[in-house]
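We use all heavy atoms of the structure for the numbers below, so side chains are in, but hydrogens, waters and symmetry mates are not.
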Amino acid sequence: MFPLVFLAAAAALVPSTDCYRPPVMAPIVEHFEAPVCRWCPGNRGLDYATRPGEPVRAAASGRVTFAGLVAGRRWVTIAHRDGLRTSYGPLAAVAVRAGADVTSGQALGRAAGPLHFGVRRGDVYVDPETVLGAAVRLRPRLVPLHGAAPPRPLPSCTPPSRSRTALR
């Protein structure tokens with residue numbers, strides 16, 4: 001039982017070289033919960049409180065490896081150059097095809113309701129929050145309608161540097 005949990009934790013520690021952004025701007029209603037075995041219950045991704053018809057966007061650039069039906073529901077999977085795969089669904093409509101290259105933020109389709117966003121490295125599910133980083137830790141704040149500065153923009157998405165000076 002422990003190897004799967006250990007592998008999921010170890011995979012989450014491997015930093016991504018790409019910049020990932022949330023696929024939607026909706027609250028997270030259920031966080032990642034690693035299953036204790038391959039067939040055991042858990043939540044293998046993040047669930048967002050999206051409304052039907054809301055646009056769903058690619059978290060990072062990559063190639064669509066699957067766009068179709070799984071158990072009668074529409075899903076999209078993207079392979080990224082850092083070895084991660086992201087999945088999005090269920091979708092009411094799909095705007096991409098398998099084999100297509102997509103860019104970060106490109107529309108993949110429209111949500112059918114709450115959206116599930118999953119991340120895998122090989123066959124191991126990874127906690128998407130470790131890949132998304134600070135982008136999911138934003139806190140909403142109330143802003144007066146008059147006489148206040150506009151809300152701060154989302155943090156920039158800068159991939160980690162591979163240079164030695166970045167480690168100092």
Side-chain angles (χ1 to χ4, degrees), residues 2-50 54-71 73-91 94-138 154-162:
F2 294 121
L4 183 62
V5 174
F6 175 75
L7 287 175
L13 297 176
V14 178
S16 169
T17 57
D18 287 337
C19 186
Y20 287 81
R21 297 177 188 272
V24 293
M25 293 308 293
I28 296 170
V29 293
E30 190 172 343
H31 295 270
F32 179 83
E33 183 182 332
V36 294
C37 67
R38 186 176 210 146
W39 61 88
C40 292
N43 188 16
R44 292 160 174 86
L46 295 177
D47 295 326
Y48 288 93
T50 51
E54 216 171 305
V56 176
R57 302 186 182 284
S61 298
R63 176 162 289 162
V64 177
T65 58
F66 179 81
L69 296 175
V70 175
R73 301 171 109 186
R74 292 176 184 90
W75 287 82
V76 170
T77 300
I78 300 174
H80 304 280
R81 62 189 167 140
D82 61 0
L84 295 179
R85 286 181 294 153
T86 53
S87 57
Y88 312 76
L91 302 173
V94 174
V96 294
R97 292 183 180 196
D101 290 325
V102 294
T103 59
S104 180
Q106 181 176 334
L108 302 175
R110 299 211 170 265
L115 178 78
H116 179 82
F117 173 62
V119 178
R120 287 178 284 176
R121 182 177 302 282
D123 288 334
V124 178
Y125 287 89
V126 177
D127 182 349
E129 290 184 70
T130 63
V131 175
L132 297 173
V136 296
R137 292 184 188 87
L138 296 174
L154 291 175
S156 65
C157 191
T158 310
S161 172
R162 291 181 171 228

Looking only at heavy atoms, the pair that brings Cys19 and Ala60 closest together is O-CB, 3.5 Å
Smallest heavy-atom separation, Ala79 atom then Thr65 atom, equals CB-CG2, 3.6 Å
If you look at every heavy atom in Ala59 and Ser104, which pair is closest and at what distance?
O-OG, 3.6 Å
For the OG1 atom of Thr50 and the CZ atom of Phe117, what is their distance to the nearest 0.5 Å?
13.0 Å
Within this structure, what is the CG-CZ distance for the pair Leu91 and Arg74, rounded to the nearest 0.5 Å?
8.5 Å
Closest approach of Arg38 to Arg44 (non-hydrogen atoms, all atoms of both residues):
O-NH2, 3.2 Å
I'd like to know whether His31 forms a side-chain contact (heavy atoms from CB on, under 4.5 Å) with Asp127, so could you lay out the CA-CA distance, the side-chain angles of the two residues, the decisive distance to 0.1 Å, and finally the verdict.
CA-CA 8 Å; His31 295 270; Asp127 182 349; over 6 Å; no
So do the side chains of Ser61 and His80 get within less than 4.5 Å of each other, counting heavy atoms only?
no
Identify the two heavy atoms, one from Glu54 and one from Met25, that lie closest to each other, and give their separation to 0.1 Å.
OE2-O, 4.3 Å
Any chance you could measure Leu108, atom CG, to Leu115, atom CG, to the nearest 0.5 Å?
9.5 Å
What distance separates Arg85 CZ from Tyr125 OH, expressed to the nearest 0.5 Å?
8.0 Å
When you measure from the side chain of Tyr88 to the backbone of Ile78, do you find a donor-acceptor pair of N or O atoms at a distance under 3.5 Å?
no
Short question: side chain of Ser87, backbone of Thr77 - any donor-acceptor pair under 3.5 Å?
no
Rounded to the nearest 0.5 angstrom, the CG-CZ distance for Leu84 and Arg121 is 4.5 Å
Point-to-point distance, once rounded to the nearest 0.5 Å, from CZ of Arg21 to CZ of Arg57
12.0 Å
Where Pro22 and Tyr48 come nearest, the two heavy atoms and their spacing:
CB-OH, 3.8 Å
